[in-house]
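Quick note on labels: first sequence line is chain A, next is B, and so on, each numbered from 1. Just the heavy atoms: all of them, side chains too, but no hydrogens, waters or symmetry mates, feed the values below.
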Amino acid sequence: MEKNLVIVESPAKAKTIEGFLGEGYVVKSSFGHVRDLLTKELSVDTENNFDPKYEIPADKKKVIDELKKYADNAETVWLATDEDREGEAISWHLKEALKLDESKVKRIVFHEITKTAILKAIENPRGIDKNLVDAQQARRVLDRLVGYELSPILWKKVKPSLSAGRVQSVAVRLIVEREREINAFQNESFYKVVAEFAVPEGDKITHLQANLSERFKLESEAHEFLTKCQGATFSIKNLEVKPSKKSPSAPFTTSTLQQEASRKLGYSVAQTMVVAQKLYEAGKITYMRTDSVNLSDSASEAARKEIETSYGDQYVNIQKYQTKSKGAQEAHEAIRPTYLDQHTAGGDNSEQRLYELIWKRTISSQMSDAQLEKTVVTIDVSAAEENFIANGEVVKFDGFLKVYLESTDESNTETIGNSAKAEKPLLPAVTLNQILNLNEITASERFTKHPPRFTEASLVRKLEELGIGRPSTFAPTISTIQKRLYVVKEDREGEERDYKLLHLRNGAIETAVKQEITGAERAKLFPSDIGMVVNDFLVEHFQNIMDYNFTANVELEFDAIAQGQKQWNKMIDEFYGPFHSSVKITEETSEKASGERMLGDDPETGKPVITRIGRYGPIIQIGDRDDEEKPRFASLRKNQSIESITFEEAMDLFKLPRTAGTYEDKEIIAAIGRFGPYVKHDDKFYSIKEDDPMEISEERSIEVIEAKRKADRERVVKTYEENKEVQVLKGRYGIYISIGKNNYKIPKDKEPRDLTLEECLEIAANAPAKKKGRFTKKKS
DNA sequence: CAGTGAGCGAGCTTCCGCTTGACTT
C-alpha cells in the first residue's frame, strides 16, 4: 500500500494525476458526493437547529469501502476535491465517512490538471474550510426543505407525483410566462421599402440594394411614397466609411457549449453532455462541467504556437477572459482540447464534430480582432423627404474570423466552414452626387414578431443569466421539467398568411398579394396545461420561491456563511419560519387547482361548458358534477390547451366517436383515445397518424386497416399449431418471444428461427422476474 | 394499449448538485 492517498472527484482525473505523482502516491476517485440526506424522509430536524441526517447511499457503499482500505493504510490522505462549495463539502463528508483522523488529513486544491499545478498544490496544503462546508449544508438543506415541502402540497392540491423546487419551478415559470406573452402578442403590419439601383462598373452593371430609412404603417402611405418616386431623381447624398472591429468569444463553459452545439450542430443539451463526457474520458478535452472561461498558461502557450504556425504572428492575441455569469465558482478550467495540436479527436462522428467546435472556439479566443470597414451610403430621393440607406461591410483583416464565428439564436443555419465570413454585402464603388438609375422599388408588408419561444439551450442561457442552476444540473433540469410533463419539446407547423407587395417598375405601380408560412417552430419548449396550472398555483402561494431573484438572494447569504459572517442554521431558520407557515396556510386554506375555465352554455341543454384538468388530463365537461344527470366529458386534443381553447373548438370534440363507414359488414368507428386518434373495426384498434378522425373517409379507413394487417403478418417470425398463444415476433429491439401478454428475450446462443415450442416455454419459465427498478414504470 | 373524469383511501410520489456506470425495452 502506498503512503499517500489522494482523493479527487472524477476517475478520469484520478488517472491523469496518478501519472504526474508517481511512486508513493495512489490516486482514487469519490465519484462525486459520498453522503447525502435520506431520500425517503425530510432528513432535516426542523425542531433542532435543522440538524441534517446524512447517509451513504447504497450505490456509494462500495466506493467508501474501497477508499477506506486505502485510507487506513496511508500515512496521509490528500483531499483533492474541487475548489468550490460542493467540493469542500465532499472533502468534509469524505473525512466523516472514512472516519479519518485529523492529523493525517490534508486538503489541497488546483484549478488545472497540469503537473506543475498538482505539485504546487501538494506543497501548499490547508485544512478543510468549515465555513464553506456550512454554506454547502445551507444550500443542501434549503433545497431539501423547499422541494420536500412544496411537492406534497402539489400532490394534495393538484395531482400526485408532481414536483417543485428552487430551480425547476422557476425554469417552468420562464416558459409559461413566455408562452403567455406570445399568446397576448398582437402583431402589427408595416411596409418595408427596398430599392434596387443599377450601377455601371467598367463595362458591367452591378446592383445596389438600399432600404428606405422609414417604415410605413399603411399601404396607402407606401403607395403614396411610390407615386412620389415615379420620375424622381436618385442621387448619392452622403458616403460614410468607418472602421470597426469584431472580437472573438471567450472559451467554452458548459452553458455556452450547450448553446453553440445546439445552434451549430443541432444537439440537445443532454446529447452535448454525453458526447463531451466521452471526449473527456478519452482524454481529448478538459472537464466539461465548468463555469470558468479561464485557460491555463500552458494551454494559452499551446494556442499561441498553433496560431503562429497555421496563420502567422499577426493572428495571435493571447488574452484572459473574465466570467460574466452570476455565482460562477470557477473550480475548473474552461472547456478546451487537452492538446491543441490535435485537430481531430477520433471517436464517432458526433464526437469529432463537437471536438472540432471546441478546438475552433479555443483557438479563436486567442486570436486577434477582425478589422472591418463599414460603409453607409445615403441616397436622396428628389421628390420625397425620406432617404434610402445602403450598408456594406468589408473585412480588412479577418483575424479570428478565419477560424470561428459564434452563432446567434436568430441565425441558427450558419455552418462551421473553415472561414466564417461576415454576412453584409460588398457595395459597388459610387461617388458623391452620382445619379443612380432605378431598377425597381418594392414595398412589402412585414409583421412584427412575438418574442421567441425557448429552446433547451436558450433556456439554459437564461437560467445561467439569473444565476439559477449549476453546470452539472442544466441538462438534468431540462430533462426533469419534460419528464414531469410541465413542458414539452415540440415542432409546430406554421400557418399560411397573406402579405401585400407593391412594385414600382418601369414607371408603373403594381400591387400583388402573396403567401408565406409563419409561426413554424422546431424543437421549442411549450408549457403543458399541467405546467401552467402548477406554475400559477406556486406563483400565487409561494411568491418568494418563484421570484426570479430568489436564488441570487440566497446565494448572497450562502456567501456570508462561507465568509464566516453568519451561522448556517440561523440563516435557514430565518428562511424556514415564514416559508413553513405559508406552506401550512396553503395546505389548510387553498382550493384545489384545476385551471377551470367557463366557456359558455351548451345550446342543446343550456348546461355550462367548462374546461379543466381532469384525472387523466385536460378535458371539456358539459354539465355540473352535482347534476342528477352525469356530465358529459371529452378530452382535449394534442396542441389544444385549456388556456386557449374556444367554445366552438370545445363543442367540436363531442362529435367523436363517429361512424366512418362499414367494412366486411362491420362498422368503422373513428375516435381519439388515450394514445391518440384511431379507427376501430371488429374490436380492433388502428392508430391513425396523418388523418383527422373527424374527417377520415371509409376508403381511407380501410387503407389504414389493411396496412396494419399487412404489417402484423410481417411481424410474425414463427407460430405453433399446438399453442396459438406462443409466437416468435420481430419487434423494435429485435426478435423476441411473445406468450399472451408477456414478452421474453431470446438467449444469444439460440437461433430464433429454429426455436421449438418447448424451447420457448422453457425460456419463459426461466426468465428472471421483472425487476422494479428506477426505470420500470409501476402499475397503478 | 385505446371506455374513464370518483369512490374506500393503502402506499407511493418529491429537491439540488457532485460523479459514472449498469440497466431496460
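- Looking at heavy-atom distances under 4.0 Å, A:T39 makes contact with a base.
- Phosphate proximity of B:dT13 to A:Y148: absent, as no side-chain N or O sits under 4.0 Å from OP1 or OP2.
- For A:V167, the listed nucleotide lying nearest its side chain is B:dG17; candidates were B:dG17, B:dT20, B:dC15.
- In this model, the phosphate group of B:dT19 is approached by a side-chain N or O of A:R289 to a distance below 4.0 Å at OP1 or OP2.
- For A:M288, the listed nucleotide lying nearest its side chain is B:dT20; candidates were B:dT20, B:dT14, B:dC18.
- In the set B:dT19, B:dC16, B:dG3, the nucleotide with an atom closest to the side chain of A:Y678 is B:dG3.
- In the set B:dC16, B:dT4, B:dT19, B:dC16 carries the atom at the smallest distance from any side-chain atom of A:T473.
- Contact annotation: A:R140 side-chain N/O to B:dC15 OP1/OP2 distance is not under 4.0 Å.
- Place A:S472 and A:G147 on DNA chain B by their nearest nucleotides, and A:G147 ends up nearer the 5' end.
- If you measure from atom CG of A:L150 to atom P of B:dC16, you get 10 Å, rounded to the nearest angstrom.
- For the side-chain hydrogen bond (donor to acceptor under 3.5 Å, both in side chains) test with A:E86, the passing option among A:R470, A:Q329, A:H33 is A:H33; the others fail.
- Taking a centre distance below 5.5 Å and an interplanar angle below 30 degrees as the stacking criterion, A:F685 does not stack against the six-membered base ring of B:dC1.
- Of the side-chain N and O atoms in A:S151, none sit less than 4.0 angstrom from OP1 or OP2 of B:dC15.
- With hydrogens and angles ignored, a donor-acceptor pair closer than 3.5 Å exists between the side chain of A:R615 and the base of B:dA6.
- B:dC1 atom P lies 12 Å from atom CG of A:D712, rounded to whole Å.
- With A:F550 as the aromatic partner, A:R166 does not meet the cation-pi criteria of under 6.0 angstrom to the ring centre and within 45 degrees of the ring axis.
- Using a 4.0 Å heavy-atom criterion, one finds that A:R632 contacts no nucleic acid atom at all.
- Rounded to whole angstrom, the span from the CD1 atom of A:I7 across to the P atom of B:dC18 amounts to 19 Å.
- Of the two residues near DNA chain B, A:R139 and A:P476, the one whose nearest nucleotide lies more 5' is A:R139.
- The side chain of A:R612 places no N or O atom within less than 4.0 Å of a non-bridging phosphate oxygen (OP1 or OP2) of B:dG5.
- Across all strands shown, A:S30 has no heavy atoms under 4.0 Å from either base or sugar-phosphate atoms.
- Comparing B:dG17, B:dT20, B:dT14 by their nearest atom to the side chain of A:E281 picks out B:dT20.
- Per the geometry, NE2 belonging to A:H33 stands 13 Å off C1' belonging to B:dC15, to the nearest Å.
- A donor N or O paired with an acceptor N or O is not found under 3.5 Å between the base of B:dC16 and the side-chain atoms of A:R470.
- One atom, CD of A:Q621, and another, C1' of B:dA6, lie 12 Å apart when rounded to the nearest Å.
- Using bins of under 30°, 30° to 60° and over 60° for the plane-to-plane angle, the ring pair A:Y663/A:H681 lands in the tilted bin.
- Note on A:Q136: nothing from the nucleic acid sits closer than 4.0 angstrom, heavy atoms only.
- Evaluation of A:W155 against the base of B:dT13 yields a stacking contact (centre distance < 5.5 Å, interplanar angle < 30°).
- Ranking B:dT19, B:dG17, B:dG5 by closeness to the A:P11 side chain, first place goes to B:dT19.
- In the set B:dG5, B:dA2, B:dT19, B:dG5 carries the atom at the smallest distance from any side-chain atom of A:Y616.
- Taking only side-chain nitrogens and oxygens, A:R484 comes nearer than 4.0 Å to OP1 or OP2 of B:dC15.
- Not a single donor-acceptor pair under 3.5 Å links the side chain of A:R612 to the backbone N or O of A:Q621.
- Geometrically, A:R35 engages A:W92 in a cation-pi contact defined by less than 6.0 Å to the ring centre and at most 45° from the axis.
- For A:K630, a side-chain nitrogen or oxygen approaches OP1 or OP2 of B:dG5 to under 4.0 Å.
- Remark: A:S10 is not in phosphate contact with B:dT19, judged by side-chain N or O atoms under 4.0 Å from OP1 or OP2.
- Comparing the C1' positions of B:dG9 and B:dT13 gives a spacing of 16 Å, expressed to the nearest Å.
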